[in-house]
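No hydrogens, no waters, no symmetry mates; every other heavy atom, side chains included, goes into these values.
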Amino acid sequence: MIDLSGRVALVTGAARGIGRAIALELARNGAAVAVNYRERVDAAEAVVAVIAELGGRAIAVRADVTDTEAVGTMVKRVTTELGGLDILVNNAGIIDDAYLMMMKPEAWREVIAVSLDGAFLCTKAAVRAMMRGRWGRIVNISSDAGLMGDVMRAHYAAAKAGLLGLTKTTARELAAQGITCNAVAPGIIA
């Protein structure tokens with residue numbers, strides 16, 4: 001276990017799946033956790049309830065990660081209500097399966113916006129709080145699709161590959177400030 005007592009984490013897309021598991025694990029290790037969601041308020045509140053049962057602190061924070069203003073408001077709420085922001089996990093993402101030749105431009109833009117633009121906007125907003133403390137951890141949830149492509153998911157694979165580039169650049173730019181940035185590239189999960 002890593003002792004994260006006194007640390008505050010924000011996990012995007014944390015109402016279910018990988019995000020939920022990450023939020024719970026951060027809480028088990030002592031972090032206060034902001035559980036971001038876009039639509040599933042009941043699921044997000046359920047994650048908060050589990051964290052409370054574990055003896056931790058958590059809040060559910062509704063925000064569309066593709067909306068600059070909403071992201072700024074989310075980060076402000078996290079820093080105000082939980083006392084800072086030390087850890088950001090950019091997990092939010094969507095999939096809309098279609099073959100490349102059948103893919104609608106709107107679907108392309110939406111998947112890119114959530115997975116890649118969302119990570120950029122959240123990182124940009126969170127970094128200021130991390131710089132104040134000269135410590136921070138950013139973890140971007142990419143995918144094996146970003147490493148090798150994926151059938152019917154050109155937009156998803158492109159977004160996740162772009163996230164790897166964003167991760168490398170962010171790591172290089174923020175290292176001197178005591179902030180690390182890494183990516184994890186899981187495959188399909190239950």
Side-chain angles (χ1 to χ4, degrees), residues 1-2 4-97 107 110-130 136-143 156 159-160 163 181-190:
M1 285 181 57
I2 299 170
L4 297 175
S5 301
R7 300 292 185 191
V8 176
L10 167 60
V11 182
T12 67
R16 62 191 183 109
I18 292 174
R20 179 183 188 279
I22 292 169
L24 294 175
E25 190 63 23
L26 287 166
R28 283 186 192 100
N29 285 281
V33 181
V35 176
N36 163 256
Y37 69 98
R38 183 173 71 170
E39 297 170 352
R40 294 178 172 91
V41 64
D42 293 343
E45 291 291 350
V47 176
V48 170
V50 171
I51 291 171
E53 288 172 13
L54 294 170
R57 290 188 316 137
I59 59 172
V61 185
R62 182 175 193 268
D64 180 342
V65 298
T66 68
D67 180 328
T68 305
E69 187 175 320
V71 168
T73 300
M74 172 176 64
V75 168
K76 184 174 182 179
R77 184 171 168 215
V78 171
T79 58
T80 301
E81 292 184 31
L82 295 178
L85 181 54
D86 306 294
I87 301 163
L88 170 65
V89 180
N90 286 308
N91 172 72
I94 58 172
I95 296 176
D96 183 10
D97 291 350
E110 184 180 21
V111 171
I112 297 286
V114 174
S115 293
L116 186 55
D117 297 349
F120 162 73
L121 293 173
C122 290
T123 299
K124 185 174 178 185
V127 163
R128 284 189 176 90
M130 293 177 182
R137 300 294 180 259
I138 301 166
V139 179
N140 294 324
I141 307 301
S142 182
S143 168
Y156 181 78
K160 294 302 188 174
L163 194 53
C181 185
N182 290 280
V184 183
I188 294 173
I189 63 151

Chemist: What's the spacing between N90 CG and T123 OG1 if we round to 0.5 Å?
Modeler: 4.0 Å
Chemist: Before giving the answer on side-chain contact (heavy atoms from CB on, under 4.5 Å), spell out for I51 and L24 the whole-Å C-alpha distance, their side-chain angles and the decisive distance to 0.1 Å.
Modeler: CA-CA 6 Å; I51 291 171; L24 294 175; 3.8 Å; yes
Chemist: Working to the nearest 0.5 angstrom, can you tell me the gap between I87 CD1 and I22 CD1?
Modeler: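 Between I87 CD1 and I22 CD1, I get 11.5 Å after rounding to 0.5 Å.
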Chemist: Hey, what do you get for CZ (R62) to CZ (R38), rounding to the nearest 0.5 Å?
Modeler: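 Going from CZ on R62 over to CZ on R38, the span is 9.0 Å.
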Chemist: Are S142 and N140 linked by a side-chain donor-acceptor pair shorter than 3.5 Å?
Modeler: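 Note: S142 and N140 side chains miss the donor-acceptor criterion.
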Chemist: For V114, does its backbone N or O pair with a side-chain atom of T66 as donor and acceptor, under 3.5 Å?
Modeler: no
Chemist: Under a 3.5 Å distance rule, please check whether N36 uses its side chain to pair with a backbone N or O of G13 as donor and acceptor.
Modeler: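 Looks like yes, one N/O pair under 3.5 Å.
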Chemist: What heavy-atom pair brings A23 and V11 nearest, and what distance separates the two atoms?
Modeler: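 So the two residues come closest at CA-CG2, 4.2 Å.
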Chemist: Give, for atom CD of E25 and atom CG of L54, the distance between the pair rounded to the nearest 0.5 Å.
Modeler: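 Here the interatomic distance stands at 10.0 Å.
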Chemist: Within the structure provided, determine whether L10 and C122 are in side-chain contact (heavy-atom separation under 4.5 Å).
Modeler: no
Chemist: Does some side-chain heavy atom of V89 sit less than 4.5 Å from a side-chain heavy atom of R137?
Modeler: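 Contact flag for R137/V89 side chains = no.
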Chemist: Check whether N29 reaches the backbone of I2 with its side chain - one donor and one acceptor, N or O, closer than 3.5 Å.
Modeler: yes
Chemist: Taking the side chain as every heavy atom from C-beta outward, state whether L88 and V75 have any pair of such atoms under 4.5 Å apart.
Modeler: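 They are not in side-chain contact.
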Chemist: I need the T79 OG1 to M74 CE distance, nearest 0.5 Å.
Modeler: 11.0 Å
Chemist: Only counting residues at least two apart or in another chain, list the ones meeting salt bridge (Lys or Arg N to Asp or Glu O under 4.0 Å) with D86.
Modeler: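 Testing D86 for salt bridge (Lys or Arg N to Asp or Glu O under 4.0 Å), a comparison that skips the adjacent residues, returns R7.
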Chemist: Can you tell me how far OG1 of T73 sits from CG of D67, rounded to the nearest 0.5 angstrom?
Modeler: 8.0 Å
Chemist: Is the closest side-chain heavy-atom distance between R57 and L82 below 4.5 Å?
Modeler: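 A side-chain contact exists here, since the closest heavy-atom pair is under 4.5 Å.
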Chemist: I'd like to know if the side chain of S115 and the backbone of A159 have a donor-acceptor N/O pair within less than 3.5 Å.
Modeler: no
Chemist: Taking the side chain from K160 and the backbone from I141, do they hold a donor-acceptor pair closer than 3.5 Å?
Modeler: yes
Chemist: Would I189 and I18 count as a side-chain contact (heavy atoms from CB on, under 4.5 Å) if you check the C-alpha gap in whole Å, the side-chain angles of each, and the deciding distance to 0.1 Å?
Modeler: CA-CA 8 Å; I189 63 151; I18 292 174; 3.2 Å; yes
